[in-house]
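Values below: every heavy atom of this structure, side chains too, minus hydrogens, waters and symmetry copies.
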Amino acid sequence: MKKADVVSKIDELIEGPVYRMDIFPGIAPPKNDRRYFAVEEFFQHHREEIDRKFTSILLKLYGYYDFWISAWRSEHEVFENPDVGQLASLIQHCFAGEWKARDYINIVLPECDSMIILNGNDLYMQVYHPSKCLKSLILELAQSEGLFFYKVSKDR
């Protein structure tokens, strides 16, 4: 697997249908007092449990699927099926540092032609072009962690 092949696959998959694993069941309607954003900021500053949930879901998914990971932590590294400790380290790296300056990783699941993006700035993970089987598995994992899984509409 070459870095160019992984980046090309990421570019292809990012155009597909998008689903989200989220702490919220959807985007809240706007309120004059902007409380949704206050709640979001609260969770950003108290996110240890959310980080644990995302880590748990990704590690469990790794038990089912191969992972090609594109990590931006240093010179855009690419990893094919890293060992579990290295995968956990890549995930945890996304949560390190100050909010709005955190890292992200792209995880291609080649067996089902899908991708997951974990961005440490977000309270959700995006899933691109998930197969029916992957959607079913992620729904179960998300629900077991008290998260929501839904398709993102084009107007969001």
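- Remark: side-chain polar atoms of His93 are not paired, donor with acceptor, to backbone N or O of Ser89 under 3.5 angstrom.
- Of all heavy-atom pairs spanning Gly16 and His129, the tightest one is CA-CD2, 4.3 Å.
- Taking the centre and axis of the six-membered ring of Phe37, the NZ or CZ atom of Arg34 falls inside the cone set by 45° and 6.0 Å.
- Closest approach of Gln126 to Val152, counting heavy atoms only: OE1-CG2, 4.1 Å.
- At least one donor-acceptor pair under 3.5 Å links the side chain of Ser114 to the backbone N or O of Cys112.
- Rounding to the nearest 0.5 Å gives a distance of 7.5 Å between OG of Ser153 and CD1 of Ile27.
- Ion pairing between a basic and an acidic side chain is recognised when a charged N comes within 4.0 Å of a carboxylate O; Lys31 and Asp33 show no such pairing.
- The six-membered or imidazole ring of Tyr36 lies near that of Phe24, with a centre-to-centre distance under 6.0 Å.
- In this structure, Glu49 CD and Phe43 CZ are separated by 10.5 Å, a value rounded to the nearest 0.5 Å.
- Only one option out of Asp103, Asn106, Ile105 pairs with Leu118 in a side-chain contact (heavy atoms from CB on, under 4.5 Å); it is Ile105.
- When side chains are defined from C-beta on, Leu147 does not count as touching Leu141, because their heavy atoms never get closer than 4.5 Å.
- Checked against a 6.0 Å centroid threshold, the rings of Tyr19 and Phe149 count as neighbours.
- Shown here for Tyr104 and Asn119, the closest heavy-atom pair between the two residues is CB-CA, 3.6 Å.
- Between Leu109 and Asp66 the shortest side-chain heavy-atom distance does not fall below 4.5 Å.
- Distance CG/Leu134 to NZ/Lys132: 13.5 Å, rounded to 0.5 Å.
- Proximity of Phe67 to Val108: side-chain heavy atoms (C-beta onward) are nowhere separated by under 4.5 Å.
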Exercise for the section: Walk me through it: do Leu137 and Tyr64 pass the test side chain to side chain contact (heavy atoms under 4.5 Å, CB included)? Expected result: CA-CA 9 Å; Leu137 181 56; Tyr64 291 83; 3.7 Å; yes

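- Atom OH of residue Tyr124 and atom CD1 of residue Ile23 lie 11.5 Å apart, to the nearest 0.5 angstrom.
- No donor-acceptor pair closer than 3.5 Å links the side chain of Gln143 to the backbone N or O of Phe148.
- Of the possible polar contacts, none joining the Tyr128 side chain to the Ile117 backbone as a donor-acceptor pair under 3.5 Å is found.
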Exercise for the section: Tell me, with the steps shown, if Leu123 and Glu40 meet side chain to side chain contact (heavy atoms under 4.5 Å, CB included). Expected result: CA-CA 8 Å; Leu123 297 171; Glu40 185 178 60; 3.5 Å; yes

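- Considering all non-hydrogen atoms of both residues, Gln92 and Thr55 come closest at NE2-OG1, 2.8 Å.
- When all heavy atoms of Phe95 and Gly120 are compared, the closest pair comes out as CD2-CA, 4.2 Å.
- Counting heavy atoms from C-beta outward, Asp83 and Gln86 have side chains that approach closer than 4.5 Å.
- Contact annotation: the side chain of Leu90 never approaches that of Glu77 to less than 4.5 Å [non-hydrogen atoms, C-beta and beyond].
- Taking 4.5 Å as the limit, some side-chain heavy atom of Leu87 sits within range of a side-chain heavy atom of Leu59.
- Here the straight-line distance linking atom CE of Met125 with atom CZ of Arg20 works out to 12.0 Å at 0.5 Å rounding.
- Looking only at side-chain heavy atoms (C-beta outward), Val78 and Ile69 stay at 4.5 Å or farther from each other.
- By the neighbour-count criterion of 12 heavy atoms within 6.0 Å, atom CZ of Arg52 is densely surrounded, having more than that number from other residues, nucleotides or ligands.
- Met21 places none of its side-chain heavy atoms less than 4.5 Å from the side chain of Lys53.
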